[in-house]
Amino acid sequence: MEKGQELYSGKAKSVFLTQDPAQLIMEFRDDTSAFDGEKMDQLARKGMVNNRFNAFIMDHLETKGVATHFERLRSDTESQVKRLDMIPVECVVRNIATGSLCRRLGVEDGLDLVPPTFEFFLKNDELHDPMINEYHIASFGWATPEEVTSMKSQTFRVNEILRALFAAGGMTLVDFKLEFGRFGGQLLLGDEFTPDGCRLWDTDTRKKLDKDRFRQGLGGVVEAYEEVALRLGVDLTKPVSS
Ligand code: TMP
Ligand code: ASP
């Protein structure tokens, strides 16, 4: 599969066309951003670690019956994916209160959320990804009611699958963000699942193993991502077969 023209460049990934209109190549760069691009840096190896980690998670989700856009690893920093018609909405599930939830609602940081809670955000950096509800999604036609139902149930399903996966490695999945898109008549999980888009804590010490290390200037960002991969048994050195 040949890499064609760049279609889109985001804050941490670039997406390229291929000769097949239904397939794209997603490149994970070392660029790291937080606060909607206000804080930016380059972290060596992050693109490679996230690309391989994302491939591992997407494969795992597929084995558990979650349909995703992921096709295959292409290189250390690239993956081949299906081209989706993206829904401009971010789906967030939270198992523990932290981050923007605490700022918005004044609740205690670290509180267990039983049952887990769910939020929609509009994908729009200039507006700082405002929180939206299902009525906004319907009124502006961002997704159909059936798609909303499916995004919610698939995000909760991913939560169950990944909570168990991380728990086996001594980690707590605190919260995460997913994005979905249409492919033919199907709704597929798109974008990525990496420590850039979730919060993971060591279960015993609550040490942060995710992008909060970058947001809060704690250092050891890529080292923490590598530790997460190691604890799940992801081989970051295996050559990618082409
Ligand atoms: P928040 O506490 O900042 O709202 O974030 C909740 C979770 O969703 C956290 O794991 C980070 C992730 N997230 C993103 O990755 N990108 C986003 O644009 C947003 C709003 C959240
Ligand atoms: N992903 C967003 C950004 O890069 C928000 C964040 O992670 O803080 O700016």
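Every heavy atom of this structure was used, including side-chain atoms; hydrogens, water molecules and symmetry mates were not.
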Taking salt bridge (Lys or Arg N to Asp or Glu O under 4.0 Å) as the test, write out the residues that go with D202, two or more places apart. R231
Mind checking salt bridge (Lys or Arg N to Asp or Glu O under 4.0 Å) for D109 and listing every partner two or more places apart, or none if nothing turns up? none
Using the side-chain hydrogen bond (donor to acceptor under 3.5 Å, both in side chains) criterion, which residues pair with [X]? Sequence neighbours excluded.
{"X": "D85", "answer": "R182"}
{"X": "T155", "answer": "none"}
{"X": "K123", "answer": "E179"}
{"X": "K208", "answer": "none"}

If you round to the nearest 0.5 Å, how far is [atom2] of [Y] from [atom1] of [X]?
{"X": "L165", "Y": "H60", "atom1": "CG", "atom2": "NE2", "answer": "4.5 Å"}
{"X": "Q186", "Y": "L84", "atom1": "CD", "atom2": "CG", "answer": "10.0 Å"}
{"X": "E192", "Y": "L178", "atom1": "CD", "atom2": "CG", "answer": "10.5 Å"}
{"X": "T149", "Y": "Q154", "atom1": "OG1", "atom2": "CD", "answer": "11.0 Å"}
{"X": "H69", "Y": "K82", "atom1": "NE2", "atom2": "NZ", "answer": "9.5 Å"}
{"X": "L236", "Y": "R45", "atom1": "CG", "atom2": "CZ", "answer": "9.5 Å"}

[X] and [Y]: side chain donor to acceptor below 3.5 Å:
{"X": "N95", "Y": "D112", "value": "no"}
{"X": "D31", "Y": "Q42", "value": "yes"}
{"X": "E2", "Y": "Q19", "value": "no"}
{"X": "D235", "Y": "T237", "value": "yes"}
{"X": "N124", "Y": "D129", "value": "no"}
{"X": "E62", "Y": "T68", "value": "yes"}
{"X": "R72", "Y": "Q80", "value": "yes"}
{"X": "T32", "Y": "D41", "value": "no"}

Which pairs, with at least one residue in residues 153-188 and sequence neighbours excluded, count as a ring-ring contact (aromatic ring centres under 6.0 Å, His included)? F118-F156, F176-F193
Is there any ring-ring contact (aromatic ring centres under 6.0 Å, His included) pair reaching into residues 212-239, and which pairs are they, with sequence neighbours excluded? none
[X] and [Y]: which non-hydrogen atoms are nearest, and at how many Å?
{"X": "S79", "Y": "L73", "result": "OG-CD2, 3.6 Å"}
{"X": "V107", "Y": "A97", "result": "CG2-CB, 4.0 Å"}
{"X": "D196", "Y": "A12", "result": "OD2-CB, 4.4 Å"}
{"X": "P116", "Y": "N159", "result": "CG-ND2, 3.9 Å"}
{"X": "M40", "Y": "S33", "result": "SD-CB, 3.5 Å"}

Tell me whether [X] contacts the main-chain N or O of [Y] through its side chain, where contact means a donor paired with an acceptor under 3.5 Å.
{"X": "R29", "Y": "G10", "result": "yes"}
{"X": "R83", "Y": "L17", "result": "no"}
{"X": "E227", "Y": "A224", "result": "no"}
{"X": "R163", "Y": "L173", "result": "no"}
{"X": "S153", "Y": "S150", "result": "yes"}
{"X": "T98", "Y": "G110", "result": "no"}
{"X": "S14", "Y": "E27", "result": "no"}

Can you list everything that forms a side chain to side chain contact (heavy atoms under 4.5 Å, CB included) with [X]? Sequence neighbours excluded, please.
{"X": "A168", "answer": "none"}
{"X": "E134", "answer": "F120, V148, K152"}
{"X": "S100", "answer": "R94, R103, R104, F121"}
{"X": "R215", "answer": "A34, F35, R199, K211, D212"}

Single-linkage hydrophobic cluster, 4.5 Å side-chain cutoff, [X] and [Y] together:
{"X": "I132", "Y": "V92", "answer": "no"}
{"X": "V221", "Y": "W201", "answer": "no"}
{"X": "I25", "Y": "V15", "answer": "no"}
{"X": "L189", "Y": "I161", "answer": "yes"}

Other residues, nucleotides and ligands only: do more than 12 of their heavy atoms fall within 6.0 Å of NZ on K39? yes
How about [X] and [Y]: do any of their side-chain heavy atoms sit closer than 4.5 Å?
{"X": "V174", "Y": "L200", "result": "no"}
{"X": "M48", "Y": "N51", "result": "no"}
{"X": "M171", "Y": "L232", "result": "yes"}
{"X": "D125", "Y": "K11", "result": "yes"}
{"X": "T194", "Y": "N54", "result": "yes"}

